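Remarks on the structure that follows.
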Amino acid sequence: QVRLEESGGGLVQAGGSLNLSCSAHAKSFDNYAMGWFRQAPGKEREAVSIISLSGQNTWYTGAVLGRFTISRDMVKNTIYLQMTNLKTDDTATYYCAAGNSGGYYGPAQHKYQHWGQGTQVTVSS
C-alpha cells in the first residue's frame, strides 16, 4: 500500500513562490513514477508535472514550463514542486500521485493508482 502526504500549500501574491512536498509511505518508492496534478474550482483535474522512477526524466504542462520544477529525493521518499512566478491561474488544489505502470511517466491520470488528499494553493492578484 502507498500513502501520500502533501504539504506546503498556502496563500501567496502573484509573482511569489511556494514549495510543495509529498512524502510517500511505500515499500519501494523507486517503483513509482510520481506527479503533481491540480484542480481549480469548476475545472477538471489536470496534470502539472511528472517525474520518472529514476528521477532523470520529467514532464511539465505548458502553462508551468519554466516556472515550476519537480524533483525527488530517493532517500527521503519525497517529491517536491518548486513553484515560482506564480499566477492567479495557478490557484487550485494540488494533488500528489504515484503510479506503477511499467515505467510510464506522463500526464494520463488513469496511470496513477495512489493519490494524496491535496493541498490548497491560492495566488492573489
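Fair warning: this is a prediction, and the values are worked out from it, not measured in the lab. One is the number of the first residue; the rest follow in order along the sequence.
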Under 3.5 Å donor-acceptor, [X] side chain and [Y] backbone:
{"X": "Ser101", "Y": "Gly99", "result": "no"}
{"X": "Glu6", "Y": "Leu20", "result": "no"}
{"X": "Arg67", "Y": "Asn85", "result": "yes"}
{"X": "Gln113", "Y": "Lys111", "result": "yes"}

Inset, instruction - Sorted by first residue and then second, give each disulfide bond (SG atoms under 2.5 Å apart) pair with at least one member in residues 28-87; sequence neighbours left out. - result: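 Applying disulfide bond (SG atoms under 2.5 Å apart) to every pair that reaches into residues 28-87, excluding sequence neighbours, yields nothing.
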
Within a strict 4.5 Å, meaning less than it, do heavy atoms of the [X] and [Y] side chains meet?
{"X": "Arg38", "Y": "Leu81", "value": "no"}
{"X": "Ile79", "Y": "Phe29", "value": "yes"}
{"X": "Met34", "Y": "Leu4", "value": "yes"}
{"X": "Asn19", "Y": "Tyr80", "value": "no"}
{"X": "Gln1", "Y": "His114", "value": "yes"}

Measure across [X] and [Y] and return the closest heavy-atom pair with its distance rounded to 0.1 Å.
{"X": "Asp73", "Y": "Val75", "value": "OD1-N, 2.9 Å"}
{"X": "Thr78", "Y": "Ser21", "value": "CG2-CB, 4.4 Å"}
{"X": "Tyr112", "Y": "Ala33", "value": "CE2-O, 3.9 Å"}

Do [X] and [Y] sit in one hydrophobic cluster, given that two such residues count as connected whenever their side-chain heavy atoms are within less than 4.5 Å of each other, even indirectly?
{"X": "Val64", "Y": "Val12", "answer": "yes"}
{"X": "Trp36", "Y": "Met74", "answer": "yes"}
{"X": "Val2", "Y": "Phe37", "answer": "no"}
{"X": "Tyr105", "Y": "Tyr32", "answer": "no"}
{"X": "Leu18", "Y": "Tyr95", "answer": "no"}

Spacing of [atom1] belonging to [X] relative to [atom2] belonging to [Y], to within rounding of 0.5 Å:
{"X": "Lys43", "Y": "Asp89", "atom1": "NZ", "atom2": "CG", "value": "6.0 Å"}
{"X": "Ser23", "Y": "Arg3", "atom1": "OG", "atom2": "CZ", "value": "9.5 Å"}
{"X": "Arg72", "Y": "Leu53", "atom1": "CZ", "atom2": "CG", "value": "6.0 Å"}
{"X": "Ile51", "Y": "Trp59", "atom1": "CD1", "atom2": "CH2", "value": "13.5 Å"}

Only pairs under 3.5 Å count here: list side-chain donor-acceptor contacts from residues 118-125, not counting sequence neighbours, and write none if there are none.
unit_1: Thr119; atom_1: OG1; unit_2: Gly9; atom_2: N; d: 3.2
unit_1: Gln120; atom_1: OE1; unit_2: Thr93; atom_2: OG1; d: 2.9
unit_1: Gln120; atom_1: NE2; unit_2: Ala92; atom_2: O; d: 3.4
unit_1: Gln120; atom_1: NE2; unit_2: Thr122; atom_2: OG1; d: 3.4

Inset, instruction - Count the heavy atoms belonging to other residues, nucleotides or ligands that lie under 6.0 Å from CD of Gln117, then report whether that count exceeds 12. - result: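 Counting other residues, nucleotides and ligands, CD of Gln117 stays at 12 neighbours or fewer.
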
Inset, instruction - On the 0 to 90° scale, with breaks at 30° and 60°, tag the Tyr94-Phe68 ring pair as parallel, tilted or perpendicular. - result: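 Rings of Tyr94 and Phe68: tilted, 30 to 60°.
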
